[in-house]
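Here's the structure, in structure tokens; my notes come after.
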Amino acid sequence: MRKLFLLVMTLLPFYAMAITITGIKADGDSKVFSLEDVVSIKVDDKSSLSVRSKSGEVDGGFQVVKFSEVLSGVEDNKSDLAVKVYPNPVKNVLYLVGADAETKFEVVSASGKVVMNGNGESVNVSNLASGQYIIVAGGKSVKFIKE
């Protein structure tokens, strides 16, 4: 979780011109915030993300915070896509940090069999058996554990 927080904080300067951010909870619920209303994003003691607004309101329990409508002018080079997965281990939905709706993926079992494929920013793995898998996305392979 700390690695994700550091990733978010590292990317924050590049996303300084984002119009909205979306907090996504483990159960799939989400909330959209206007960036101009966000004061801070922090990791709480339960390893979930919290968003504090200018009004002082805190909304928490987010597993992922996604930036959208990027206006920074930073060129997106898909060949250098560094996909990371979250949460790991996973029960239901595996999020691909660094992916977008067009990112193709394959989920490979420990025996080497492709058990899922598709494209997107998240993968519903709830139907997979518990065990170790590899997801190949954006030209990168990442191990994950299905609980």
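Residue indices begin at 1 and follow the sequence shown.
- Surrounding CD of E147 are more than 12 heavy atoms belonging to other residues, nucleotides or ligands, all under 6.0 Å away.
- Counting only residues at least two apart or on different chains, the side-chain hydrogen bond (donor to acceptor under 3.5 Å, both in side chains) pairs with a member in residues 108-117 are S109-S111.
- Residues M116 and Y133 share a single hydrophobic cluster, defined by chaining ILVMFWY side chains whose heavy atoms lie under 4.5 Å apart.
- Listed by chain and residue number, V85, F144, I145 satisfy the side-chain contact (heavy atoms from CB on, under 4.5 Å) test with N88 (two or more places apart in sequence, or in another chain).
- For the pair A99 and G120, the tightest heavy-atom approach, listed with the atom from each and the gap, is CB-O, 3.9 Å.
- Checked by atom type and distance alone, the side chain of K104 never pairs as donor or acceptor with a backbone atom of G118 at under 3.5 Å.
- For residues 91-126, the set of pairs meeting the ring-ring contact (aromatic ring centres under 6.0 Å, His included) definition, not counting sequence neighbours, is empty.
- Partners of S55 according to the side-chain contact (heavy atoms from CB on, under 4.5 Å) rule, which considers only residues two or more places apart in sequence or in another chain, are S53, E57.
- A distance of 9.0 Å separates NZ in K91 from NZ in K146, rounded to the nearest 0.5 Å.
- Scanning all heavy atoms of the two residues, the minimum distance from N124 to N92 falls at OD1-O, 3.3 Å.
- For S141, there are no side chain to side chain donor-acceptor pair (under 3.5 Å) partners at least two apart in sequence or on another chain.
- Atom NZ of K143 sits about 6.0 Å away from atom CD1 of I134, to the nearest 0.5 Å.
- The side-chain contact (heavy atoms from CB on, under 4.5 Å) test with V107 singles out one residue from L128, L94, V114, and that residue is L128.
- At a threshold of 4.5 Å between non-hydrogen side-chain atoms, the residues N119 and T103 do not count as touching.
- Taking every heavy atom of both residues into account, V93 and P87 meet most closely at O-CD, 3.6 Å.
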